[in-house]
Amino acid sequence: MTLSRVNRALAWLASGIAIAMSLYHMYVTASAPPEALILRGTHLLFALLLVFLLYPIAGTREDRRFLWIDSLFLAGAIAIVVYLFWNYDAIVNRIIYIDELTFWDKAMAVAALVIVLDATRRIIGWALPITALAFLAYALFGTNIKLPILLEQMYLSTEGIFGSTLGVSATYVITFILFGAFMEKSGTGQLFMDFALALTGHTAGGPGKVSVVSSSLFGTISGSAVANVMVDGPMTIPLMKRSGFRPAFAAAVESTASTGGQIMPPIMGAAAFVMAEYLAVSYFQVTVWAWIPAFLFYVAVFAAVHLEAKRVGLLGVPRAELPRLFTVLRDRGHLFIPIFIVLGGMALSYSAPLCALAGTIATLPVALLRKTTRAGITWRTVIEALEGGAKDALSIAMATAAAGIVIGVISLTGIGITFTQGVVALSQNSLLLALMLTAVAGIVLGMGMPTTPAYIVMVALLVPALVKLGVATPAAHMFALYFAVLSAITPPVALAVYAAAALAKANLWRSGLEAVRIGAAGFIVPFMFAYEPALLAIGSWDMILLMTLKASIGILGLAASLYGYLLRPATMAERVVLFAGAACLISTGWVTDLIGLALIGVVAAWQLASRRREAARAA
């Protein structure tokens, strides 16, 4: 058989496995799920098979020079899971750490570690596998733990590879990824784009605001910053450049707005599901905590676009060239229905995976309701969505399996407690210093691995220290999540910026620095809710509204300071005063709040008076 025929056969095999994976998880979600080890093992088996079929060990899919090695890994993936299922009764009934392991137990455990780490390397790179290997080396050579104990923890329990993180991928994440895949196939992406154009396209810097709105909407069903850029960017970045925005600024706007999609309810990124599992709360509760920080983040990005457009004198797109909001809602507005189904179900306390399944099943029938959205919807659309959803879930599945190795070592060795004590000692009981250390760690971890495993490692090592220093537990977890997310726009490894800069044909470093400036408030908001949990909707409503208003004014003041424009171009002295006012509002305390409001109010009043004087002179 020729190589091309082999590749075609493997492509067909991968498609069939992907479709089977999606259908299996939809069935499990609709019915009673099997026991944890069975569900997680099946999920991992599907993921491993697809990774080894779709990501050869060397070369491209068209040039499989080492097909025999990939075949060996495929056989190994089947063997390690089938062995668990074949010996399931013996495994669940054995006394852990007491009963001795057989030769095959040890051999399969070593094989599982090698296969999982190699599959993770193939799909998301070296950073997470190297981290896992470092933790394994610490357990073997830095502690008194024997190899059989370590292998048992990693393979024969639900505290290692098959831990709760993989369980989140098998229950929550894949169902929402399928929902996003079906939404994309139904044409919802075009609805988001037209909705954003009709809403903001005519205003100053309208194309930039379109990018912000459409990216925030698409991010709720994507959960991946880079995927968001690659879907939204080809439409919004050329539009921004044509309207007069600098290429680097256009790339920065798209990458920053797309990154915010991972913290944007109602769906957010995969790490939010892990958070719900860790905190033993409903996913709906996590979205409640996330609303205000996400609102503040997008206020900052929206303000940056508006002020930059005002500063350089950019106009919006003429209304005649834009779709009308009424027409958009009339022709495509019904495509929002699946999102409302998901939200309504979670509000009624149904499980998040079941709500996502209901939304997924409703997506294509809803698209068939109107002639304007019916074109192109066929049975092939269903097959493509099932296949695409499974393939999109692979990176999360492998990341959570490899992260389970790290968590297994931490729980077995107790290094998490030692690390927490070290952070507390290093920060000298200073909460601000501990927060800064955690922020840096989150950005560094996020540079080398996806958001979900970066967040998982931070939860194990750093979040307990924040809680010990007085941060509310939800705020500590959200703090870790934010900085794991923001690594996507933080140089030198800013994956979302890389993708957007390539589309905009812009300099990488200029785009990265612009993204940091646009998202500056995103780096500050976590410190705000760490000190004031009201920004996570925790507390009385009057305090929540007051803190949100105060934070919004502070963020607008910061954006005006960074871009040199409030009501008119700001002088250097005005920018300094605006920055000082924003800093006062960002900190806690009524005295600093009053000072901050006064400083920003003085600059606003002065600029308003100046504008009136200039208008009078012109008249």
Side-chain angles (χ1 to χ4, degrees), residues 127-128 131 219 223-226 255-264 268-275 278-279 286 289-290 292-294 296-298 300-301 399 403 406 419-420 423 426-427 430-467 469 471-497 512-513 515-533 535-536 551 555 558 586:
L128 184 54
T131 303
S224 167
V226 176
S255 58
T256 308
S258 295
T259 297
Q262 294 187 75
I263 53 174
M264 180 70 179
M268 305 173 65
F273 302 106
V274 180
M275 184 189 299
Y278 276 143
L279 295 177
V286 174
W289 291 331
I292 297 175
L296 295 174
F297 179 86
Y298 277 105
V301 179
V406 176
F419 202 90
T420 297
V423 171
L426 187 62
S427 62
S430 167
L431 176 56
L432 179 60
L433 187 54
L435 290 170
M436 293 175 69
L437 289 171
T438 304
V440 172
I443 290 172
V444 171
L445 286 170
M447 286 178 183
M449 60 183 79
T451 301
T452 303
Y455 164 74
I456 291 169
V457 173
M458 290 175 73
V459 167
L461 298 179
L462 293 162
V463 167
L466 299 183
V467 174
L469 289 171
V471 178
T473 302
H477 279 260
M478 289 292 291
F479 188 93
L481 173 62
Y482 255 69
F483 281 101
V485 167
L486 289 172
S487 62
I489 58 169
T490 309
V493 184
L495 297 181
V497 175
L513 294 175
V516 170
R517 186 162 70 141
I518 291 170
F523 294 89
I524 294 170
V525 167
F527 288 87
M528 297 170 70
F529 61 64
Y531 281 102
E532 184 47 74
L535 291 176
L536 296 180
I555 284 170
L558 178 64
I586 288 167

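Residues take their numbers from the sequence shown, with the count starting at 1.
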- request: Would you give the length of the straight line joining atom CG of L486 to atom OG1 of T259, rounded to the nearest 0.5 angstrom?
  value: 7.5 Å
- prompt: Rounded to the nearest 0.5 Å, how far apart are CG of L437 and CG of L432?
  reply: 9.5 Å
task: Applying side chain to side chain contact (heavy atoms under 4.5 Å, CB included), run through W289 and L279 and close with a yes or a no.
output: CA-CA 12 Å; W289 291 331; L279 295 177; 3.5 Å; yes
- request: Applying side chain to side chain contact (heavy atoms under 4.5 Å, CB included), name anything that partners A272, two or more places apart in sequence or on another chain.
  value: M268, Y283, V286
field: Inter-residue atom distance I524.CD1 - I555.CD1, 0.5 Å rounding
entry: 8.0 Å
- request: Return the set of residues passing side chain to side chain contact (heavy atoms under 4.5 Å, CB included) with V467 (not counting sequence neighbours), or none when no residue passes.
  value: V463, T473, A476
- prompt: Below 4.5 Å, heavy atoms only, C-beta onward: do F527 and M436 meet side chain to side chain?
  reply: yes
task: Side-chain contact test, heavy atoms from C-beta onward, threshold under 4.5 Å: evaluate it for Y298 versus T256 and give yes or no.
output: no
message: Do V406 and I456 make a side-chain contact, defined as non-hydrogen atoms from C-beta onward lying under 4.5 Å apart?
response: no
task: Could you grab the distance from atom CD1 of I489 to atom OG of S258, nearest 0.5 Å is fine?
output: 10.5 Å
field: L469: side chain to side chain contact (heavy atoms under 4.5 Å, CB included) partners, not counting sequence neighbours
entry: V424, S427, N429, L431, A434
- request: Give the minimum heavy-atom separation between A551 and M528, together with the two atoms involved.
  value: CB-CE, 3.1 Å
task: Among residues two or more places apart or on two chains, list those pairs meeting side-chain hydrogen bond (donor to acceptor under 3.5 Å, both in side chains) that have a residue in residues 435-445.
output: none
message: Show every salt bridge (Lys or Arg N to Asp or Glu O under 4.0 Å) that has at least one partner inside residues 517-529, sequence neighbours left out.
response: E514-R517
query: How long is the gap from CG on L535 to CD1 on I292, to the nearest 0.5 Å?
result: 6.0 Å
statement: CD1 (I263) and OH (Y482) are apart, to the nearest 0.5 Å, by 3.5 Å
query: Counting distance only, does the side-chain N/O of Y455 pair as donor-acceptor with the main-chain N or O of H477 below 3.5 Å?
result: no
query: With a 6.0 Å cut-off on ring centres, are F483 and F479 close enough?
result: yes
Residues that A475 engages under side chain to side chain contact (heavy atoms under 4.5 Å, CB included), provided they are two or more places apart: V471, A472, F529, L536
